[in-house]
Amino acid sequence: MKHDGTLPSQIQSLETLNRELDSGVKPRAVQQIEKELLFLFDDICDSYLSATDEERADANIAFEFRGRLLNVLAVYFNNIAQQAFKSSKNRRQEKATSDLLRQGIAANILVGPRVTESDIEAADKMMIQAATQINFDVVSLIKELEVPSKIYVQRAIQYNKGKQRAKALKALFLGLKANPQLEKNDRVIALATTLTGESPISAMVTMTEGYVLRRMVEDVEKRSDDSRQGARTGSRSTLDVIRSWWT
């Protein structure tokens, strides 16, 4: 199943499916959503290879602190690695192996830093073995797909202006991970202070401690969801209000 559109529209689909997963759906529905995610990951990883730095930054932001999505993505990465390893054994399938390796590297960039090493250790080994078999330059492709830290900072500023605080927090967190020297940057410190509502020193501690920041992001997202839900239930017609008097 192919999802039409570019990486930004695919990320929107990802966020929709993530909300469905978090909404407490029945087990059978969860299985269907996870199946849909596997198809979507195919498109996201394919688009990631030719996307802009800004689009790649948004893809990484979309996966940050998304435990359930990452579990499914780890399964997807393992499947791709197995296919690449198997394909590499056949000399006549070098092109197919190369395509699978490119897809797998995109998946690894998205999932690798966000799960424990043991979750993808076997897949990593298969990817390396497949790449060695066909002399595929993994390092060069990873460098080519790397998102500069300044892009994350720019996205954090843009999301903050757009009143998307959770995304701004995650973007700045990723920028600091990509370049820890930014902790000394006055502009970054000021932005961290604004986003966290804390003193400069406390803000930088929060922004660099994954667990602490995750709790803050989850709280911001929950309040945002509650606010949207309240807005939906709050906008009732006059007839609805009258009916409520008798119930």
Side-chain angles (χ1 to χ4, degrees), residues 7-8 10-12 14-16 18-19 21-22 44 48 51-71 73-74 106-117 119 142-231:
L7 188 55
Q10 291 156 6
I11 291 172
Q12 287 182 352
L14 180 77
E15 292 174 343
T16 298
N18 180 66
R19 283 194 293 272
L21 270 181
D22 287 344
I44 288 175
Y48 193 91
T52 65
D53 283 336
E54 289 77 11
E55 289 170 343
R56 289 174 184 152
D58 284 345
N60 281 279
I61 291 166
F63 280 104
E64 195 64 41
F65 305 142
R66 299 296 190 205
R68 298 184 75 173
L69 286 183
L70 292 170
N71 289 338
L73 183 56
N108 182 272
I109 288 171
L110 293 169
V111 74
R114 300 178 175 91
V115 297
T116 58
E117 186 177 346
D119 289 340
I142 291 174
K143 286 183 178 179
E144 179 186 328
L145 299 177
E146 192 174 79
V147 179
S149 58
K150 68 178 182 180
I151 299 295
Y152 285 118
V153 175
Q154 290 169 6
R155 297 305 281 157
I157 293 170
Q158 290 161 353
Y159 279 128
N160 181 47
K161 287 180 178 178
K163 301 187 184 304
Q164 297 186 69
R165 186 181 169 207
K167 287 185 177 181
L169 284 164
K170 291 194 286 185
L172 190 58
F173 172 67
L174 290 170
L176 287 163
K177 279 180 68 175
N179 181 11
Q181 291 300 313
L182 289 173
E183 292 180 37
K184 303 173 185 177
N185 184 291
D186 290 341
R187 191 183 187 190
V188 169
I189 294 171
L191 180 58
T193 302
T194 298
L195 291 173
T196 61
E198 300 171 348
S199 68
I201 293 176
S202 179
M204 292 311 297
V205 170
T206 297
M207 289 304 311
T208 53
E209 289 290 337
Y211 176 75
V212 176
L213 184 65
R214 177 175 188 146
R215 294 294 298 272
M216 177 175 284
V217 167
E218 288 173 347
D219 182 60
V220 170
E221 290 178 332
K222 184 178 187 304
R223 283 189 278 116
S224 177
D225 288 343
D226 289 346
S227 176
R228 282 196 294 268
Q229 181 65 28

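Predicted, not measured: the structure shown is a model, and the values here were computed from it.
- Residues Ile157 and Arg187 form a side-chain contact, since some pair of their non-hydrogen atoms from C-beta on lies under 4.5 Å apart.
- One finds the CG atom of Leu21 at 5.0 Å from the CZ atom of Arg68 (value rounded to the nearest 0.5 Å).
- A distance of 10.5 Å separates CD of Gln164 from NZ of Lys170, quoted to the nearest 0.5 Å.
- Contact check for Tyr159 versus Leu172: no side-chain heavy atoms found under the 4.5 Å cut-off.
- Going from atom CE of Met216 over to atom CE of Met207 covers 8.5 Å, rounded to the nearest 0.5 Å.
- Using modelled atom types, one finds a donor on one side chain and an acceptor on the other under 3.5 Å when comparing Thr206 with Glu198.
- Heavy-atom contacts from other residues, nucleotides or ligands closer than 6.0 Å to CD of Glu117 number 12 or fewer.
- Closest non-hydrogen pair, Gly67 versus Arg214, comes out as N-NH2, 3.8 Å.
- For the pair Arg114 and Phe63, the cation-pi test (distance below 6.0 Å, angle within 45°) is failed.
- Proximity of a side-chain donor or acceptor of Glu55 to a complementary backbone N or O of Thr52 within less than 3.5 Å is detected.
- With Thr208 as reference, Leu176 is the one residue of Leu182, Leu176, Leu213 to meet the side chain to side chain contact (heavy atoms under 4.5 Å, CB included) rule.
- Within the 4.5 Å cutoff, side-chain heavy atoms of Tyr152 are placed close to those of Asn60.
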